[in-house]
Amino acid sequence: MLLKEYRICMPLTVEEYRIGQLYMISKHSCKQSGGGEGVEVIKNEPDTHPQHGQGQLTEKRIYLNSKLPSWAKAFVPRFFYLTEKAWNFYPYTITEYSISYLPKFSIRIETRFENNNGNNNNVFEDTPTPAENVIFLDILSDPIPEKHYEESEDPGRWHSSKTGRGPLDKGWRDDHKPIMCSYKRVQCSFEVYGFQTKTEEFIHKNIRDILLVGHRQAVAWTDEWHGLSLEEVREYEQAMQEKTNSKVKSNNTGSPAASRPLFSRSISVTDERSLKKMGVTTAAMSDPSLSSVPQSPMRLNSTPE
């Protein structure tokens, strides 16, 4: 299991980001969906936790086969999805990801938001993350994949007319007011011999990119969401979910994709034997009725938080 703690600062307050986070996740998911891939929202409803109180439970399916590296496609069915369950007890959230036919795959992300510049070394109030596993991500200076760069989302060019904030300058985290930090403790595990290290490193690289892009967008879109009430942003969230689900259920030619099989790539005898040697159970592949039920629940935010 590979554990890292990411700390991402933003020129916002925790109270402001409660609205900005919901807006950003909804808009980001819609932007990233289409052609049968992306984020499909299955459930979004109030939920009560015995420890954290009243919150919101969201369940999503994330289709992303074309984004896999070639080595992973060798044993992943053509059409597959991650199941994401997120519990939002703001300013604390838990997100879990699962794949029904890969019980040895797990990701858990705990997030806590605080009004500081990332200087709390025990924000989760249990065992502090070892210093060598703490990574500060700077939305201004850290590079993102070129395909995700948009000038309008560049914090170095951004200016909010509503708040008067921006653009950000080098060293902004030392003296900017207001400032908040998103602390994310990420644990990922893929206990399959020969693939564990490569897969866990791949997961963390993608999480890093998603976090940077998502938090940059939350800041860049400040004037779109700043001033909205929680009720108003929930209405926006519902409208975007309907639009996003529609995009995911259509393929590139515009024909419905809802009738497609969950796993359409046949597994050859050689593939199946190889999977068994790696400790991967393949029963769920041959029985579609099992594919929608996570065999090994796990904990981990699609989406960037």
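Here, residue 1 is the first one in the sequence, and each next residue gets the next number.
For the ring pair (Phe, Tyr, Trp, His ring centres under 6.0 Å) test, residues two or more places apart in sequence or in another chain that qualify with His52 are His49, Phe89, Tyr92. Qualifying salt bridge (charged side-chain N to carboxylate O under 4.0 Å, His left out) partners for Asp175, counting only residues two or more places apart in sequence or in other chains: none. With sequence neighbours excluded, no residue forms a salt bridge (charged side-chain N to carboxylate O under 4.0 Å, His left out) with Arg18. In this view, Tyr90 and Phe113 satisfy the ring pair (Phe, Tyr, Trp, His ring centres under 6.0 Å) rule, not counting sequence neighbours. Partners of Lys243 under the salt bridge (charged side-chain N to carboxylate O under 4.0 Å, His left out) rule, at least two apart in sequence or in another chain, do not exist in this structure.
Contact record, Arg216 with Leu140: NH1-O, 4.3 Å, taken as the closest heavy-atom pair. Taking all atoms of both residues into account, the shortest heavy-atom contact from Pro128 to Asp126 is CD-O, 3.4 Å. Contact detail for Lys31 and Glu150: the closest heavy-atom pair is NZ-OE2, 3.1 Å.
Ion pair Arg157/Glu151 flagged as a salt bridge, since at least one NZ, NE, NH1 or NH2 atom sits closer than 4.0 Å to an Asp/Glu carboxylate oxygen. For the pair Glu224 and Lys27, the salt-bridge criterion is met [side-chain N within less than 4.0 Å of a carboxylate O]. A salt bridge links Arg185 with Glu110: the closest approach of a Lys/Arg side-chain nitrogen to an acidic carboxylate oxygen falls below 4.0 angstrom. Between Glu231 and Arg234 there is no salt bridge, since no side-chain N of the basic residue sits under 4.0 Å from a carboxylate O of the acidic one.
Phe105 has its side chain within reach of Leu82: a pair of non-hydrogen atoms, C-beta onward, lies under 4.5 Å apart. Contact annotation: the side chain of Trp87 never approaches that of Thr93 to less than 4.5 Å [non-hydrogen atoms, C-beta and beyond]. Residues Ile107 and Ile109 meet the side-chain proximity criterion, which asks for heavy atoms closer than 4.5 Å. In this structure, Glu16 and Trp225 have side chains that are in contact, with non-hydrogen atoms separated by less than 4.5 Å. With a 4.5 Å cut-off on side-chain heavy atoms, Gln238 and Gln241 count as touching.
Using modelled atom types, one finds no donor on one side chain facing an acceptor on the other under 3.5 Å when comparing Asn133 with Tyr6. Between the side chains of Gln56 and Asn44, a donor-acceptor pair is found at a separation under 3.5 Å.
The local environment of CD in Glu132 is crowded, with over 12 non-hydrogen atoms from other residues, nucleotides or ligands closer than 6.0 Å.
No donor-acceptor pair under 3.5 Å is formed between the side chain of Ser29 and the backbone N or O of Val39.
Leu3 belongs to no hydrophobic cluster with other residues, because no ILVMFWY side-chain heavy atom falls under 4.5 Å from its own, directly or through intermediates.
One hydrophobic cluster, built from ILVMFWY side chains closer than 4.5 Å, cannot hold both Ile207 and Val134; they sit in different ones.
You'll find the ring centres of Tyr23 and Tyr236 inside the 6.0 Å limit.
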